[in-house]
Every structure is written in structure tokens, then in C-alpha cells.
Amino acid sequence: MLTLFSFVVAAESDYRLDSGDTISISVFGEQELSTQVLINTRGVINYPFLGEVKVSGLTLAELEKKIEQGLQPDYLINPDVAVAINTYRPFFIEGEVKKAGAYPYQPGLTIAKAVVLAGGFTERASKDKIFIVKAADDTAQSGNAKLNDKVQPGDIISVKQSFF
């Protein structure tokens, strides 16, 4: 049986970190190495003992491994590192919605849910002319996006005007 928790864990397992995400890093038994940090615009964090660490493009598991490898053997014998996302970077919605702007990403977000967060469609909105620019590759999705298409952090959704 798939639960909300298992869905969120699965969504986060392949999620790639980038600037604007806020993460928590915990090292078991090492309170001074546990921190919460915002990933800066260069995709980098400052971490004790390691200095600047490039995290942009890494999954949570990859970052955990990178920090563990950085801490051993010079600082800790067998570090147990856990990384979690506190706040995702936002997605953006513009055009024929009631409240265009930036909104916090939520795992499982679709275009339909994003429109609801933005107050719904205006009376001039075309539900057939919705485009999405994916942050992962900075290219517009070919053709019109569908209301059930997935949205990722950093994506830009554009709802065009209907001519009728």
C-alpha cells in the first residue's frame, strides 16, 4: 500500500537539489555538525570542516555520501549523515490566473494544483494553451501542457488567453 509518506520519500529520492532549497544536515552524535542551510545562488553551501560544498544537482543520498566521505577519516571515524529538505525552491505561474507569482513547491504538484494555488483561472484563460518551461533544462515543453502534467521546483507555468 502506497502512503503519503512513501510517496514523499520516493519523490525526494530522485529530487535534485538546487539554489533556493533549504536543507537540514544532521550527523548522528555530532550536534555541532548539524545545521540548516539555504543553498546559495551558486549551488553551494558552507559546511564545518569542509568549507564550500557544491550541492547543486545532487540527490539527498548523494549529498549524504559526499559529506560522509569529506568527514572521514580526518574528522570522524564512521560518520552517519542524514540530509532532509526543509523548504523547496518555488515554482512560478503567470498569465491568466487570478494571482500570478512564485509559490512554494509541494511534492506531487501538477499544473491543475498550481492553478488552484494561484487562485484559479481568470474568465479569459485558455485551458488548452498552457505552457511550462522546465527549470531542469530551460526549454519550453513541446505543445500544450496538460492539467495533470507534473511541476517541479523552478518551473515556470504560463497560462495563455483564450480568444473566445
Side-chain angles (χ1 to χ4, degrees), residues 1-94 100-118 130-142 145-158:
M1 181 169 121
L2 194 62
T3 65
L4 178 59
F5 176 75
S6 61
F7 174 76
V8 171
V9 169
E12 287 185 354
S13 67
D14 59 355
Y15 178 79
R16 299 280 173 183
L17 296 168
D18 206 352
S19 63
D21 290 328
T22 302
I23 57 174
S24 291
I25 302 170
S26 302
V27 180
F28 182 75
E30 302 292 333
Q31 188 64 31
E32 66 278 359
L33 294 178
S34 297
T35 187
Q36 180 176 322
V37 63
L38 173 68
I39 301 171
N40 71 21
T41 56
R42 295 182 301 130
V44 171
I45 62 168
N46 283 312
Y47 191 73
F49 301 124
L50 305 181
E52 285 194 345
V53 178
K54 179 151 177 54
V55 300
S56 180
L58 299 178
T59 65
L60 298 179
E62 290 168 343
L63 179 55
E64 288 170 356
K65 186 175 181 180
K66 185 173 191 171
I67 293 172
E68 286 173 352
Q69 289 173 341
L71 291 174
Q72 63 185 358
D74 295 338
Y75 303 107
L76 298 173
I77 302 295
N78 191 18
D80 185 9
V81 177
V83 179
I85 299 170
N86 290 10
T87 309
Y88 293 91
R89 61 194 179 276
F91 71 92
F92 306 88
I93 187 165
E94 65 180 6
Y103 290 90
Y105 172 78
Q106 303 164 8
L109 189 68
T110 62
I111 290 177
K113 292 175 185 176
V115 168
V116 170
L117 289 172
I130 301 171
F131 298 92
I132 186 167
V133 176
K134 302 302 276 178
D137 56 12
D138 285 335
T139 59
Q141 180 172 311
S142 60
K146 305 288 185 238
L147 291 174
N148 62 348
D149 287 351
K150 298 288 183 196
V151 176
Q152 294 297 318
D155 287 355
I156 301 170
I157 303 164
S158 183

Exercise. Are side-chain heavy atoms of I39 and D18 found at a separation under 4.5 Å?
Worked result: no

Exercise. Backbone N or O of G57 within a donor-acceptor pair of the R16 side chain at under 3.5 Å?
Worked result: yes

Exercise. OG1/T87 to CG/L38 distance, rounded to the nearest 0.5 angstrom?
Worked result: 8.5 Å

Seminar exercise, completed: Residues A114 and L109: closest non-hydrogen pair is N-CD1, 4.0 Å

Exercise. What is the distance from atom CD of E30 to atom CG of L76, rounded to the nearest 0.5 Å?
Worked result: 5.0 Å

Problem set entry | Atom NZ of K65: over 12 foreign heavy atoms under 6.0 Å | no

Exercise. Would a 4.5 Å heavy-atom cut-off, applied to side chains only, mark V83 and V55 as touching?
Worked result: no

Seminar exercise, completed: Note: L33 and P48 closest approach over all heavy atoms is CD2-CB, 3.7 Å

Exercise. Which atoms form the tightest heavy-atom contact between V44 and E52, and what is the distance?
Worked result: CG1-CB, 3.7 Å

For this session: Drop me the distance from K54's NZ to I45's CD1, to the nearest 0.5 angstrom.
Result: 11.5 Å

Exercise. Roughly how far, to the nearest 0.5 Å, is the CD1 atom of I77 from the CG atom of L71?
Worked result: 11.5 Å

Exercise. Backbone N or O of V81 within a donor-acceptor pair of the E68 side chain at under 3.5 Å?
Worked result: yes

Problem set entry | pair I23-Q36: side-chain heavy atoms closer than 4.5 Å | no

For this session: Any chance you could measure I25, atom CD1, to T35, atom OG1, to the nearest 0.5 Å?
Result: 6.5 Å

Problem set entry | Non-hydrogen side-chain atoms of I132 and V151 separated by less than 4.5 Å | yes

Exercise. When rounded to the nearest 0.5 angstrom, what is the spacing between CD1 in I157 and CZ in F92?
Worked result: 11.0 Å

Exercise. Side-chain contact, heavy-atom cut-off 4.5 Å: V37 with T22?
Worked result: no

Exercise. What pair of heavy atoms forms the shortest contact from S19 to G43, and how long is it?
Worked result: CB-N, 4.4 Å

For this session: Answer yes or no: is there a side-chain heavy-atom contact under 4.5 Å between Y88 and P153?
Result: yes

Exercise. Between the side chain of E94 and the main-chain N/O of S158, is any donor-acceptor distance below 3.5 Å?
Worked result: no

For this session: Compute the centroid of each ring, for Y105 and then for F91, and state whether the two points are separated by less than 6.0 Å.
Result: no

For this session: Check whether any side-chain heavy atom of D74 lies under 4.5 Å from a side-chain heavy atom of F49, and answer yes or no.
Result: no

Exercise. For D21 and Y15, does a side-chain donor sit closer than 3.5 Å to a side-chain acceptor?
Worked result: yes

For this session: Tell me yes or no: between the side chains of N148 and T110, is some donor less than 3.5 Å from an acceptor?
Result: no

Problem set entry | Short side-chain to backbone donor-acceptor contact, S34 and V27, under 3.5 Å | yes

Exercise. Are any side-chain N or O atoms of E62 and backbone N or O atoms of T59, one a donor and one an acceptor, separated by less than 3.5 Å?
Worked result: yes

